[in-house]
Number of protein chains: 2
Amino acid sequence: MRLTSKGRYAVMALVDLARFNNINPVSLRDISLRQGISLDYLEQIFSKLRKKEIVQSVRGTQGGYILNKRAKEIKLTNIFEAVDEKVKTVQCKKDSKKGCNGKLTKCLTHNLWDELENHINNFFDEKSLEDLVKDNNERRV
Amino acid sequence: MRLTSKGRYAVMALVDLARFNNINPVSLRDISLRQGISLDYLEQIFSKLRKKEIVQSVRGTQGGYILNKRAKEIKLTNIFEAVDEKVKTVQCKKDSKKGCNGKLTKCLTHNLWDELENHINNFFDEKSLEDLVKDNNERRV
DNA sequence: TATAAACCCGACTAAAATAGTCAAGTATCA
DNA sequence: TGATACTTGACTATTTTAGTCGGGTTTATA
Ligand code: FES
Ligand code: FES
């Protein structure tokens with residue numbers, strides 16, 4: 001059970017972005033240098049974030065990205081959804097009547113994994129980008 | 001962020017085993033048939049469970065496996081640990097001073113992932129095999 | 001004592017997922 | 001007109017996962 005680097009980087013980059021979120025857009029190049037993430041990879045990630053309207057792009061020189069909502073309103077859930085970092089614990093299709101064993105009843109552990117999935121998603125629902133920025137500022141002091 | 005089938009199967013097989021845990025050992029062949037898990041794969045899994053003293057093996061005809069502790073004392077944590085299904089959210093080495101970016105400070109999100117890891121592990125620490133068997137019996141009624 | 005049921009062990013492999021790279025653009029500012 | 005930065009899509013190497021396979025050894029029982 002591991003977090004992928006796509007999700008990890010997406011959040012990391014957005015925290016970086018949120019910290020500079022005053023007037024000027026922040027370029028991916030800067031984020032890449034500060035956070036040590038490949039520029040090409042960041043571009044993939046931000047393309048998705050833009051399509052889900054989490055960030056806005058500003059093209060041309062001095063361009064970059066800015067948040068499209070207030071940091072308070074961006075939850076981890078939204079970020080993860082945008083970059084397809086999904087929590088998947090059950091094996092079966094959730095809406096199907098069939099279990100992961102192919103039988104017509106759900107397997108012995110189905111319910112457990114479902115609980116787990118909720119447990120994890122609760123964590124993501126609660127944390128906002130603002131929380132993360134604050135946490136970081138406090139730690140820095 | 002997904003659960004692997006090794007962890008999923010390990011728990012599934014143990015729940016099956018725990019339900020029959022009276023006198024006779026349960027053969028992997030039976031579990032394989034009931035739960036639809038490859039026998040060869042089950043053998044790998046039970047080999048690990050045995051080494052971590054979660055189950056005991058009984059060799060020869062009529063052999064199989066029995067629990068090595070009371071179901072109440074076997075937590076999901078123990079099972080997952082036994083089959084190397086580990087929760088890994090941070091990228092960096094935890095004990096190292098270096099961050100995942102190679103720098104000497106931990107990255108902006110390190111603390112967040114650490115919290116997440118704890119959050120997930122809490123869930124695993126609380127659930128015992130007994131809970132799972134009970135849950136299943138209740139649902140069956 | 002032969003046979004079959006079951007555990008035991010290590011090596012191997014196909015498929016999937018991950019973590020990127022690369023190439024060829026377009027928009028905008030100075 | 002150059003430089004900076006976003007945009008897009010295809011491609012690929014690596015790693016992880018989810019098994020398979022082939023050979024054992026042990027033990028109950030007929
Ligand atoms: S995980 Fe849903 S039926 Fe097994
Ligand atoms: S995850 Fe630990 S430093 Fe980034």
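Letters go in sequence order (proteins before strands), and every chain restarts at 1.
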Original post:
When you measure from the side chain of B/R2, which nucleotide among D/dT27, C/dA17, C/dT28 comes out closest?
Top reply: C/dA17
Subject >> Between C/dA5 (P) and B/D30 (CG): distance, integer Å >> reply: 12 Å
Subject >> Earlier contact from the 5' end, DNA chain D, for B/E43 and B/Y9 >> reply: B/Y9
**OP:** Please tell me which of the listed nucleotides, D/dT20, D/dT8, C/dT28, lies nearest to the side chain of A/T61?
**Re:** C/dT28
**OP:** Return no unless some side-chain N or O of B/Y41 is found under 4.0 Å from OP1 or OP2 of D/dC21.
**Re:** no
Subject >> B/K103, NZ: over 12 other non-hydrogen atoms inside 6.0 angstrom >> reply: yes
Subject >> Options C/dC7, C/dT18, D/dA28, nucleotide nearest the side-chain atoms of A/T4 >> reply: C/dT18
Original post:
Which heavy atom of A/Q35 sits nearest a heavy atom of B/N101, and at what distance?
Top reply: O-CB, 3.7 Å
Subject >> Rounded distance in Å - CZ (A/R8) to P (C/dA17) >> reply: 19 Å
**OP:** Name the nucleic acid region contacted by B/S27, choosing base, sugar-phosphate or nothing; use a 4.0 angstrom heavy-atom cut-off, strictly under.
**Re:** sugar-phosphate
Original post:
In whole angstrom, what separates A/Y65's OH from C/dA27's P?
Top reply: 15 Å
Original post:
When we call it a touch if two heavy atoms are under 4.0 Å apart, what does A/G60 touch: a base, just sugar-phosphate, or nothing?
Top reply: base
**OP:** Identify the heavy atoms of A/K75 and A/F124 that sit nearest to each other, and give their distance.
**Re:** CB-O, 3.9 Å
Original post:
Given atom CG of B/N24 and atom P of D/dT27, what is their separation to the nearest angstrom?
Top reply: 18 Å
Subject >> Distance-minimising heavy-atom pair for B/K93 and B/K106 >> reply: O-NZ, 3.4 Å
Original post:
Is B/F46 touching bases, backbone alone, or none of the nucleic acid, heavy atoms closer than 4.0 Å?
Top reply: nothing
Subject >> Integer-rounded Å distance: C/dC9 P and B/L49 CG >> reply: 14 Å
**OP:** Spell out yes or no: do the side chain of A/R59 and the base of D/dT4 have one donor N/O and one acceptor N/O closer than 3.5 Å?
**Re:** no
Subject >> Given DNA chain C, 5'-ward residue of the pair A/L39 and B/D40, judged by closest heavy atom >> reply: B/D40
Subject >> Smallest separation among heavy atoms of B/C92 and B/C100, with atom names >> reply: CB-N, 3.7 Å
**OP:** Could you label the plane-to-plane angle of the B/Y9 and B/Y41 rings as parallel, tilted or perpendicular, counting under 30° as parallel and over 60° as perpendicular?
**Re:** perpendicular
Determine all donor-acceptor pairs shorter than 3.5 Å in which one atom belongs to a side chain in residues 42-52 of chain A; sequence neighbours excluded.
| residue | atom | partner | partner atom | Å |
| --- | --- | --- | --- | --- |
| A/K48 | NZ | A/D84 | OD2 | 3.0 |

Subject >> B/I45 CD1 to C/dC8 C1', straight-line distance once rounded to whole Å >> reply: 15 Å
Original post:
Over how many whole Å does the gap from B/L3 atom CG to D/dT16 atom P extend?
Top reply: 17 Å
Original post:
Bend across the helix from C/dT1-D/dA30 to C/dA30-D/dT1, to 10°, with axes taken over 5 pairs at each end?
Top reply: 10°
Original post:
Whole Å only: how far is the CD1 atom of B/I31 from the P atom of C/dA6?
Top reply: 12 Å
Original post:
Taking the side chain of B/S5 as its heavy atoms from C-beta onward, which of D/dG19, D/dT7, C/dC22 lies nearest to it?
Top reply: D/dG19
Original post:
Is any side-chain N or O of A/S38 closer than 4.0 Å to OP1 or OP2 of C/dA19?
Top reply: no
Just distance, no hydrogens or angles: give the donor-acceptor pairs under 3.5 Å from side chains in residues 54-66 of chain B, sequence neighbours left out.
| residue | atom | partner | partner atom | Å |
| --- | --- | --- | --- | --- |
| B/Q56 | NE2 | B/N68 | OD1 | 3.4 |

Subject >> Nearest listed nucleotide, side chain of A/Q44, among D/dA10, D/dC6, C/dA6 >> reply: D/dA10
Original post:
Does A/R50 place a side-chain N or O at less than 4.0 Å from the phosphate oxygens OP1/OP2 of D/dT7?
Top reply: yes
Subject >> Closest listed nucleotide, where the reference is the side chain of A/R29 and the choices are D/dA18, D/dT20, D/dA5 >> reply: D/dA5
